[in-house]
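One structure is given here, and the rest of the page talks about it.
Values reported hereafter were calculated over all heavy atoms of this structure, with side chains retained and with hydrogens, waters and symmetry mates removed. For clarity, every value in this text was computed on a predicted model and none was experimentally measured.
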Amino acid sequence: MIDEMGKALQEKMAGYREEMLFHFKQLLKIDSVRRDRQPGAPFGPGNRQALDYVLELSKAFGLETVNLDYYIGYSEYGQGEDYICSVAHLDVVPPGDGWSHPPFAAEETEGTIYARGAGDDKPGVISGLYALRCMKELGYKPARRIRVIYGCAEETGMEDLDHYLSSQPLPSFGFTPDSDGYDIVNAEKGRMEFRLEAPLIQSPLLRVTGGLASNMVPALVTAAFDRSSLSAEELKRLPELLAGPHLTCSQEGETLTVSFLGASAHAAMPESGRSAISLYAAFTCRLLADRADPLTRFIDSHIGSDWNVSSLELACRDEHMGPLTLSLGLIEVEQGRIRTVGDIRYPTVTNSRLLQTQLEALAAQSGLDLKLLSAVDGHCCTCQEEFAILRQVCLDKGKPEPKCRSIAGGTYAKKFQGRLVAFGGCGDKVHAPDEFVEIPDFFDHTDMVSYTLYRLSCPREGSPL
């Protein structure tokens with residue numbers, strides 16, 4: 001049952017709806033895709049601008065406001081030795097093509113806002129910030145500090161949290177409002193990002209490029225071939241291959257350009273997409289056969305559209321988390337070498353050290369060079385007392401009783417040593433064109449985040465406070 005302070009908080013948040021919506025849209029208009037490091041902007045100027053925007057609001061609301069070198073920042077309210085927190089992120093994945101609304105215009109159409117970040121994860125930023133403002137204005141005295149953390153590199157390796165945890169203590173408990181509903185996501189697969197490359201020697205392949213981010217199934221890959229370098233047999237095979245599905249082609253002089261048309265998806269759920277890299281590899285290997293470079297042959301033989309990579313030794317599965325999946329997000333040719341960047345999501349039956357050993361062996365067997373770019377093993381949170389509070393939050397707000405579950409996606413939770421869960425979210429078409437959130441869902445999310453922070457910060461039964 002919602003108590004008097006809980007009701008007052010709900011009414012206070014509702015009174016700021018128009019203002020919250022304005023600041024939400026302004027935040028969505030900031031292109032906060034990670035870009036090259038600049039002085040005072042470790043993840044690029046867009047990320048810095050977004051963090052500045054939020055922290056300036058925090059200061060204006062009279063909250064304790066901390067900027068940790070533009071890697072990450074936070075707002076805080078209350079007193080106490082320990083703290084509970086929500087952790088949201090300001091960075092977004094590249095928008096890509098296929099949008100019917102400008103990705104950074106925050107266009108509103110019939111009660112729906114379209115923008116990159118509309119679901120992932122800028123609603124969580126605004127929700128947490130206003131929750132602290134409203135609790136402060138109501139004079140609420142929490143039993144422990146409440147901290148709302150704003151990250152800047154969740155989509156690209158989470159170095160922001162490494163920086164945060166190098167100087168800040170762990171919370172007693174927290175959540176990231178970066179999920180697809182109000183179940184308690186207390187377990188996540190691990191994630192490994194890696195690069196494979198090989199030399200491109202005397203090949204008819206002139207160049208290939210495609211993909212937007214390592215954690216996105218690529219929707220487009222473009223390859224150029226020197227037609228004059230094709231053998232008679234290869235030229236004979238070419239017309240049938242060019243008549244295949246999911247590609248377009250053009251020719252200028254002796255340069256044949258082929259575009260492979262996939263379907264974008266989050267790397268945590270690659271089965272919902274179609275990899276343009278796999279389409280490219282299948283075409284090239286059927287055209288060039290043994291003349292295809294080692295990397296392209298490896299992709300076609302061992303990855304293709306088999307997200308579970310059942311032909312590789314690293315394939316495995318867990319009863320609760322499901323199978324290991326592998327997807328390739330980027331491919332390019334540069335300085336005579338062809339390279340691809342991939343993303344592995346793996347259950348807790350394996351770990352990054354074992355996977356790296358297996359990948360190194362597979363790469364060596366195929367004449368490829370491997371570089372491990374990042375790896376974070378999976379996690380499982382077992383904070384049953386806090387889970388009971390989250391269940392009560394949902395029941396108090398008229399939502400179904402949440403269940404604990406695991407996901408293949410990666411959130412900030414896995415960086416907090418079993419003290420964080422993913423809980424709550426809004427919006428749809430995350431990592432896809434025309435990402436959106438319906439305004440009533442946004443307001444519901446702000447209410448849920450504020451009430452969750454309130455309930456987690458209340459004195460526990462038996463507490464001396």
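- The shortest distance between side-chain heavy atoms of Tyr182 and Lys399 falls below 4.5 Å.
- For Glu334, the CD atom sits in a packed shell: over 12 heavy atoms of surrounding residues, nucleotides or ligands are nearer than 6.0 Å.
- Annotation: cation-pi pair Arg48/Tyr70 present, NZ/CZ under 6.0 Å from the ring centroid and within 45° of its normal.
- In this structure, Phe443 and Ser127 have side chains that are not in contact, with every pair of non-hydrogen atoms separated by 4.5 Å or more.
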Carefully, step by step, assess Tyr114 and Glu435 under the rule side-chain contact (heavy atoms from CB on, under 4.5 Å).
CA-CA 6 Å; Tyr114 295 88; Glu435 183 176 345; over 6 Å; no

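- For the residue pair Ser214/Glu193, the side-chain donor-acceptor check at 3.5 Å is satisfied.
- Thr325 and Tyr346 share no donor-acceptor pair across their side chains, judged by distance under 3.5 Å alone.
- Here the CD1 atom belonging to Ile439 is positioned 9.0 Å from the CZ atom belonging to Phe24, to the nearest 0.5 angstrom.
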Using salt bridge (charged side-chain N to carboxylate O under 4.0 Å, His left out), reason through Arg286 and Asp300 one step at a time and then give a plain yes or no.
CA-CA 10 Å; Arg286 281 148 190 75; Asp300 186 52; 3.2 Å; yes

Hey, can you pull the donor-acceptor pairs under 3.5 Å for the side chains in residues 358-372, sequence neighbours left out?
from: Glu360; atom 1: OE2; to: Gln356; atom 2: NE2; distance (Å): 3.3
from: Ser366; atom 1: OG; to: Leu362; atom 2: O; distance (Å): 3.4
from: Asp369; atom 1: OD2; to: Arg337; atom 2: NH2; distance (Å): 2.6

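- The existence of a salt bridge linking Asp162 and Lys415 is confirmed by a sub-4.0 Å separation between a basic side-chain nitrogen and an acidic carboxylate oxygen.
- Ion pairing of Arg339 with Glu332 is present here, as a side-chain N (NZ or NE/NH1/NH2) and a carboxylate O approach within less than 4.0 Å.
- Taking the six-membered ring wherever Trp is involved, the centroid distance between the rings of Tyr71 and Phe43 falls below 6.0 Å.
- More than 12 heavy atoms of other residues, nucleotides or ligands sit less than 6.0 Å from atom CD of Gln384.
- Glu81 has no carboxylate O lying under 4.0 Å from a charged side-chain N of Arg145, or vice versa, which leaves the two without a salt bridge.
- With hydrogens and angles ignored, the 3.5 Å screen pairs a side-chain donor or acceptor of Arg345 with a backbone N or O of Ala408.
- In this structure, Arg405 contributes its side chain and Asn186 its backbone to no donor-acceptor pair below 3.5 Å.
- Remark: the backbone N or O of Asp82 is not paired with any side-chain donor or acceptor of Arg144 at under 3.5 angstrom.
- Between Tyr150 and Tyr74, a ring centre-to-centre spacing not shorter than 6.0 Å is recorded.
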CA sep, side-chain torsions, deciding dist, call: Asp434, Arg116, salt bridge (charged side-chain N to carboxylate O under 4.0 Å, His left out):
CA-CA 7 Å; Asp434 284 339; Arg116 178 60 86 220; over 6 Å; no

Which side-chain N or O atoms in residues 317-324 pair as donor and acceptor under 3.5 Å with protein atoms at least two apart or in another chain?
from: Asp318; atom 1: OD2; to: His320; atom 2: N; distance (Å): 2.8
from: Asp318; atom 1: OD2; to: Met321; atom 2: N; distance (Å): 2.8

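- Counting only heavy atoms from C-beta outward, the side chains of Leu90 and Val125 approach each other to under 4.5 Å.
- Residues Thr176 and Glu154 fail the side-chain proximity criterion, which asks for heavy atoms closer than 4.5 Å.
- Going from atom OH of Tyr412 over to atom CG of Asp160 covers 3.5 Å, rounded to the nearest 0.5 Å.
- Rounding to the nearest 0.5 Å gives a distance of 13.5 Å between CZ of Phe104 and NZ of Lys29.
- Evaluated for a salt bridge (charged side-chain N to carboxylate O under 4.0 Å, His left out) with Asp343, the options Lys189, Arg191, Arg195 yield exactly one hit, Arg191.
- A donor-acceptor contact under 3.5 angstrom links the side chains of Tyr451 and Asp396, judged on distance only.
- Between the side chains of Ser406 and Glu188, no donor N or O sits under 3.5 Å from an acceptor N or O.
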